[in-house]
Every structure is written in C-alpha cells, then in structure tokens.
Amino acid sequence: MREASASSRPPESGDPQGDLLGAETRVAVLLPLPLREAYDYRVPDGMTLNHGDFVEVPLGPRRVIGVVWGPGAGVVEARRLKPVVRRFDVPPMTAVARRFVEWVAAYTMTLPGFVLRMAVSVPAALEPPKPILAYLKRPDALAPPGFKMTDARRRVLALLEDGPPRTPGELAEEAGCGATVVRGLAEAGLLEPLLLPPAPPLGRPDWARPGPALSPHQEAAADDLRGRVQAGGYSTVLLDGVTGSGKTEVYYEAIAAALKQGKQALILLPEIALSAQWLDRFARRFGAAPAEWHSELTGSQRRDTWRAVAKGEVPVVVGARSALFLPYPDLGVIIVDEEHDSAYKQEEGAIYHARDMAVARAHLGGLPIVLVSATPSLETKVNADSGRYARIELPSRHGGAQLPEVALVDLRRDRPPARHWLAPSLRKALAETLAGGEQAMLFLNRRGYAPLTLCRACGHRMQCPNCTAWLVEHRLARKLQCHHCGLQQPLPPACPECGEEGTMAACGPGVERIAEEVAELFPDARAAIMASDTLFGPRAIQEMVRKITDHELDIIIGTQVMAKGHHFPMLTLVGVVDADLGLNGGDLRAAERTYQLLHQVAGRAGRGERPGTVMLQTFMPEHPVMQALAAGDRDGFYQLEAEMRQDAGMPPFGRLAALIVSGEDPTLVDRVAMALGRAAPRSETVHVLGPAPAPLALLRGRHRRRLLLKAPRATQVQPLIAEWLERVEIPPAIRVQIDVDPYSFL
Ligand code: ADP
Ligand code: ZN
C-alpha cells in the first residue's frame with residue numbers, strides 16, 4: 001500500500017493529550033486539505049507546541065489552519081522550512097481524536113487531510129468569540145437639537161426603561177422597527193453602548209434528576225448500561241426492543257451515568273429524526289437541552305457549539321453523523337439511535353458509515369457504545385448473534401400497549417379504480433376510522449405528484465438531461481424536478497418531442513396525487529401532506545406534529561419524514577400505498593430496508609390506548625417481507641434474509657467494495673473503467689464484477705461506471721484496492737471514488 005506518512009507512523013500510544021513537543025524545532029502539521037501527508041514547519045523561537053495543537057501556517061501565498069500531528073519528518077532542509085505563524089488558544093485535539101482521523105482515512109481510503117476537514121469544520125471556532133454589542137438607556141441624556149422623537153424611537157426607549165441591555169437586533173425586533181431607528185438613537189447619544197460577554201453556554205443537563213420508575217425489564221437493561229459506563233472500557237451493545245418498549249428511557253440512564261462521572265455523552269440520530277419532540281423530551285428528563293449538531297445550524301451556532309465542546313463546556317451532544325468528528329475532551333458513552341438507518345451512510349466526499357465509524361471511535365477511546373433499534377441492521381444482528389456485540393432486549397411495549405394488526409391488501413384482487421391508488425378495503429377502513437373520530441396516515445415514500453410524465457401521443461418520457469432519471473412532477477409548485485441534481489423546469493404545454501398539445505400525462509402516484517384522491521373521497525376530512533419538500537426545517541415539522549397531536553388533522557399523507565419516532569395517540573390506521581416500492585431497486589439490502597421502513601411506519605399506529613391497524617397494499621403478498629410483516633415474525637424474516645446473504649457470500653458474511661469511475665467524456669470513462677477491469681485483483685476468493693454502467697449512468701452531467709469487488713469477510717480489502725489502483729494510470733479528468741462497504745448501488 002502506498003505510504004501516507006500520517007497514517008503509517010506508529011500509533012502514538014504513549015502520547016497523552018498535551019504531551020510536550022517543546023524540544024522540537026520542526027513539527028509535522030496535518031492540513032484539512034486533500035493532501036497525502038502532513039507537512040513540516042519550523043517552530044519559531046519562543047513558541048512551544050503540543051501534539052494536537054491547532055495552528056496557523058503558511059501554504060504558498062495563503063495562510064491555513066492545521067493540527068500539529070507529531071515531530072517533523074525531516075525530509076525538507078531546515079532553512080527552507082516556513083515557520084508556524086501562531087497557535088490558537090483552544091485545547092489541543094486529543095490523541096484519540098487524531099488516531100480516529102487516521103483510522104477513518106485508512107478504512108475508507110480517503111486522504112487523512114480530507115477526514116481532518118470534517119474534524120475542523122468550523123475554523124472560526126478557533127478564534128475567541130467576539131463580545132456582543134448591547135445598549136442600555138442613558139439615564140439623563142437629552143436629545144440633541146433638531147432630533148425628532150418618532151413613535152418608533154419612543155418605543156425603543158420605553159423598552160429600555162427598566163429592562164436588561166439588549167442587542168440592536170433584539171431592540172429592533174421587540175420594538176417592531178428597523179435597525180436604522182436603533183442606530184439613530186445611538187448616534188444621538190441617547191443609548192449607552194456596552195459589550196456583553198459572548199453567548200452564555202447552555203444550561204447543564206442534570207444527571208441526578210429522577211427519571212420515570214422503570215419496569216423490571218427496563219431496570220435490568222439500564223443497570224447493565226450504567227455498569228458499562230461506570231467501568232469504562234470498550235464494548236458494543238445492541239439495545240433491541242419494539243417501538244415503544246422504552247429504549248430511549250433506558251439509554252437516558254447510560255447518559256446520566258456518563259454525566260455523573262464528569263464525562264460527555266454523544267447521541268447520534270438520523271438527521272430527520274432529530275426533531276423538536278426529541279429535544280423537548282430530553283430537556284424534560286434532564287432539565288436542560290443538549291447541544292445540537294446538524295445541517296440546520298447557523299454559522300454562529302456551529303462556531304459556538306464546536307468551541308464549547310472543545311473546551312469541555314458541553315456535556316451532551318445530539319447530532320447527525322458529522323457530530324462524530326466534534327472535539328470531545330472525554331467521551332463517556334456513544335448512543336447510535338435507529339442504528340439501522342441508511343442515513344448514517346455518507347455518500348458524498350469522504351464516504352463512510354457513521355455507525356461503523358462510531359464503533360471504531362468507541363474502540364479507540366475505550367468507551368461503551370450502544371446501538372439502538374427495533375429493527376437492527378443485519379450486520380449488527382449477526383454481530384450480536386455471534387457474541388461480538390452484547391445484546392439487551394426489551395420485549396414488550398411500555399404499559400402493555402398492543403402492537404398493531406398488520407393486514408395485506410392484495411392489489412391484484414382488491415383493485416383501486418383506474419388512475420386511483422387506494423384499494424376499496426383501504427377506503428372502507430379510512431371511512432370507518434374517520435367516522436370513529438380517529439386519525440389515519442397514508443404512507444408513500446415518493447415526493448411530488450407523479451414520478452413520470454409521458455406523452456400519450458408519441459410515448460416520449462420527460463427525462464433529466466443531466467441524470468439517468470425521470471423528471472418528477474410537483475403539481476403544487478407547477479414544476480418538473482429532478483430528484484438527483486435538483487434541475488427544475490416548467491411543465492411543457494406541448495410534447496417537446498412530437499409537438500402535440502394536451503397529451504402530456506402524469507403516470508403513477510406521489511404524495512400530492514394521493515392527497516388529491518383523499519380530497520375526492522373525503523371532502524370534509526382535514527388532510528395534510530408531510531414530506532421533506534413541503535416542510536422546511538425542524539420548526540415546520542414541529543408545527544405539523546403539534547397539529548396532528550392536537551387532532552387538528554384527520555388524515556396525514558406522508559413520506560419517510562413521517563416514519564420516524566413520533567408518537568400520536570389518536571392515530572389508529574396506517575395505510576401503506578405501495579409496500580413494494582423499495583423492493584424493486586435490485587440492491588442487496590432492498591428487502592431488509594423495506595422491512596425496516598414498513599415496520600417503523602407500522603409502529604406509528606396504535607401507540608396510545610387504542611389498538612392500531614396497518615394495511616399494506618402490495619402486488620406480492622407472498623413475498624417473505626410481506627409475510628413476515630403480516631405475521632409479526634421479525635426473527636423469521638431476519639433468518640431468511642441471513643440465509644440468502646450467506647449463500648450468496650454477501651455482507652455481512654462477505655465483503656464488498658465499489659469503485660465508481662466518472663467523468664464528462666464517456667469514451668475516456670469507459671477506457672479507464674476497462675483498464676481497471678483488466679488490472680483487477682482476482683483469486684479463488686476475490687472477485688471483481690464489472691465494469692458496468694451504473695444504474696445512474698449519468699449523474700449531474702458525469703458519466704459513471706461501476707466495479708464491485710467481492711471478497712470473504714476476513715479479507716482486508718484496502719491493501720488490495722490500493723495495489724489495484726497503483727496498476728492503472730488515472731487521467732486528471734477522471735475521478736475514481738472508493739466506497740468500502742457500499743450501501744448504494746446506483
Ligand atoms: P422506544 O424508544 O423503545 O420507542 P420510548 O422510550 O420512547 O420507547 O417509550 C415509549 C413511551 O413510553 C414514551 O412515551 C415513554 O415516555 C413511555 N415510557 C417508557 N417507559 C416508561 C416508564 N418506565 N415509565 C413511564 N413511561 C414510560
Ligand atoms: Zn438530474
């Protein structure tokens with residue numbers, strides 16, 4: 001394997017955080033850039049540096065930030081070295097965090113600097129925060145001659161009469177005026193400026209607050225987790241229990257145990273599940289909110305949070321996958337909730353699976369990690385079965401709530417009317433639910449109105465010019481959209497191919513079309529669509545959740561956004577419009593994912609006192625996924641799925657790695673892909689399939705070919721791939737992405 005200096009250095013096991021490098025006159029600094037190795041810099045006189053210190057260094061004409069990675073390698077002559085410019089006043093990156101960067105880089109075959117970029121994602125957080133300007137009323141100041149006291153100005157002064165100091169923004173908002181009004185008063189000398197210290201840290205969650213009285217099963221589970229956290233040391237536990245069995249209450253106890261020891265806790269959630277409901281519940285349990293880390297944060301929230309974590313001021317972080325790379329000084333436990341969720345796989349930039357990397361992080365840091373799910377991934381299930389992971393089970397719903405009844409609707413017999421999508425039996429159940437004053441949800445994991453628009457005269461299909469994908473009609477927005485590259489265009493008045501007018505027809509349903517059918521069937525019912533493009537951000541989701549909880553809605557038509565974690569006591573019927581949808585992808589985990597998603601959707605029904613019913617519309621009622629769902633036979637499904645994977649030598653019983661070759665020139669892409677195919681490693685146990693055009697053969701204007709390496713589970717695929725790539729010259733116009741343990745085969 002080609003040597004990357006950073007990751008080939010021996011592990012710095014004798015390197016406690018803060019180990020001085022004082023005697024060194026040169027240090028290796030890793031930069032958060034796609035570079036293969038750390039660069040040497042000179043330590044100027046009078047500067048002392050530690051392992052892990054954040055520093056500023058020159059790079060060509062630029063100044064960049066970097067992290068002191070160790071003593072200099074000594075290849076470049078001393079007099080040609082450039083000096084470190086300055087050291088930032090933040091705690092150094094811990095040895096564990098640095099080894100984690102190297103580990104992720106080596107495992108995913110990404111450049112270490114590229115991984116480091118995820119760990120120093122907010123350079124502004126390295127600078128001390130600026131004080132905040134605020135105003136008080138100057139007690140006996142007189143307005144200068146000619147100063148006009150307008151209503152708005154009076155309102156601002158009245159606000160400050162006996163209130164605390166406020167920032168210009170707060171004043172403008174509270175007084176309902178523009179920023180210029182506040183500025184005018186300040187310039188006239190009527191306000192007293194003062195500098196407030198930067199935003200105070202969040203309140204600290206209080207581990208000593210009592211939680212609910214746990215059931216004996218829950219108590220035993222909590223006890224096990226507490227013990228692991230107290231004892232320290234690495235272990236992975238699968239916390240396995242049906243939705244509503246109290247998994248969250250139980251892992252709260254593990255968090256409390258970490259806090260009690262003065263350590264931090266990290267909870268990873270799929271981004272979509274990080275809801276206001278989740279945060280409120282945590283705050284109710286611990287008396288203060290956790291710090292959040294996800295894509296909706298503003299720049300200043302990001303900066304404050306990163307810095308506070310680094311300084312050890314944040315005991316609990318809840319975040320999406322990138323929260324793994326925050327600078328925790330002393331993590332005591334990691335929780336991965338909904339561990340089976342495919343949103344944990346990052347598919348862009350550094351391709352990694354956050355659950356797997358979290359396990360590695362726990363291993364390196366010597367701490368317990370809890371994987372939580374009602375439908376574990378087959379990977380995790382097999383690890384628990386074999387004893388590599390411990391397993392804790394919570395067998396029943398808290399308070400004895402019943403699991404919903406699951407019925408299969410056979411669409412071959414129970415047919416919806418033409419150009420409609422709800423079967424007669426589902427329509428009947430909907431009517432009964434509404435008549436009983438209860439709520440129903442229709443689930444279809446497809447945004448928009450229709451997935452395909454075609455010309456009835458010539459058969460022309462509306463396709464994305466940049467991607468191998470149909471354009472999806474969004475009727476509410478009056479647009480055709482590509483869900484891969486984001487292209488939008490108006491609906492054409494005539495067929496772009498044959499020019500006929502009025503022949504363009506929508507084919508198939510999206511949630512908007514189901515909403516149309518619902519309005520037609522139940523004109524008096526209060527219905528709403530819940531999808532990622534109709535709800536912008538956590539606040540909109542929160543408002544929708546409130547409406548459902550307060551029974552301001554009767555029917556919710558939702559995509560995956562709906563499937564996660566919410567608890568609606570009046571929801572007693574869930575209809576799945578197209579249960580077969582996920583099964584047609586032809587990918588390795590299609591059945592598993594469909595099972596998990598449908599199981600989770602089904603979990604929305606009947607969580608309160610009332611029993612729930614789930615109706616799955618399918619053309620394949622005999623399919624093992626449908627049978628298992630109908631019979632409530634989770635373990636039977638896993639058993640079957642595991643046997644199939646084992647026979648095929650597929651994960652988790654075998655290993656896969658994908659190479660994706662892409663570029664703008666299809667001939668060149670083909671040539672490189674063929675060369676890679678010829679140079680592929682082959683042995684009795686290692687096989688390479690392809691090259692073949694990717695299912696998304698064109699994506700954002702780039703042509704794509706795939707190769708898939710398949711090997712026995714014990715194989716280390718990284719060195720094989722590294723040698724393979726050495727044998728082929730890759731021109732600069734071509735990109736070769738490596739996806740170790742691929743989840744997407746598109
Ligand atoms: P899961 O995470 O397994 O879906 P939760 O922890 O969310 O389950 O529990 C489901 C519901 O039951 C929640 O409203 C929770 O507050 C409640 N619950 C669970 N265990 C208890 C308990 N021991 N006492 C009171 N309420 C509980
Ligand atoms: Zn596109």
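Counting convention: from 1, in listed order, for ligands and their atoms alike.
Ligand-side atoms of ligand 1 in range of Glu249: 6 (O), 15 (C), 16 (O), 19 (C), 20 (N), range being under 4.0 angstrom from any heavy atom. For ligand 1 and Leu214, the ligand atoms under 4.0 Å from any heavy atom of the residue are 23 (N). Close approach of ligand 1 to Thr243 is summarised as follows: ligand atoms under 4.0 Å from at least one heavy atom of the residue are 4 (O).
Contact between Val242 and ligand 1 is present, with at least one heavy atom of the residue lying under 4.0 Å from the ligand. Under a 4.0 Å heavy-atom criterion, Ala213 is in contact with ligand 1.
Between the side chain of Gln596 and the main chain of Pro376, a donor-acceptor pair closer than 3.5 Å is present.
Ranked by closest heavy atom to atom 6 (O) of ligand 1, the top entry among Arg281, Glu219, His217, Gln218 is Arg281. Nearest to atom 9 (O) of ligand 1 by heavy-atom distance, out of Gly246, Ser215, Gly241, is Gly246. When the heavy atoms of Pro569, Ala222, Gly244 are ranked by distance to atom 4 (O) of ligand 1, first place goes to Gly244.
Trp278 and Phe282 have parallel rings, their planes meeting at less than 30° on a 0 to 90° scale where 60° marks the start of perpendicular.
The pair Asp739-Lys345 counts as a salt bridge, with a side-chain nitrogen and a carboxylate oxygen less than 4.0 angstrom apart. Ion pairing of Glu393 with Lys247 is absent here, as no side-chain N (NZ or NE/NH1/NH2) approaches a carboxylate O to less than 4.0 Å.
No side-chain N or O of Tyr344 forms a donor-acceptor pair with one of Asp356 less than 3.5 Å apart. Counting only N and O atoms by type, the side chains of His217 and Glu219 include no donor and acceptor under 3.5 Å apart. Remark: the His340 side chain and the Ser373 side chain contain an N/O donor-acceptor pair separated by less than 3.5 Å.
Tyr743 has its ring centre less than 6.0 Å from the ring centre of His353.
Draw a line from the Zn ion (ligand 2) to SG of Cys485 and another to SG of Cys467, and the angle between them is 110° (to 10°).
Under 4.0 Å from ligand 1, the heavy atoms of Pro212 that appear belong solely to its side chain.
The Zn ion (ligand 2) has an N, O or S atom of Cys482 inside 2.8 Å of it. In summary, Cys464 places an N/O/S atom under 2.8 Å from the Zn ion (ligand 2), meeting the contact criterion.
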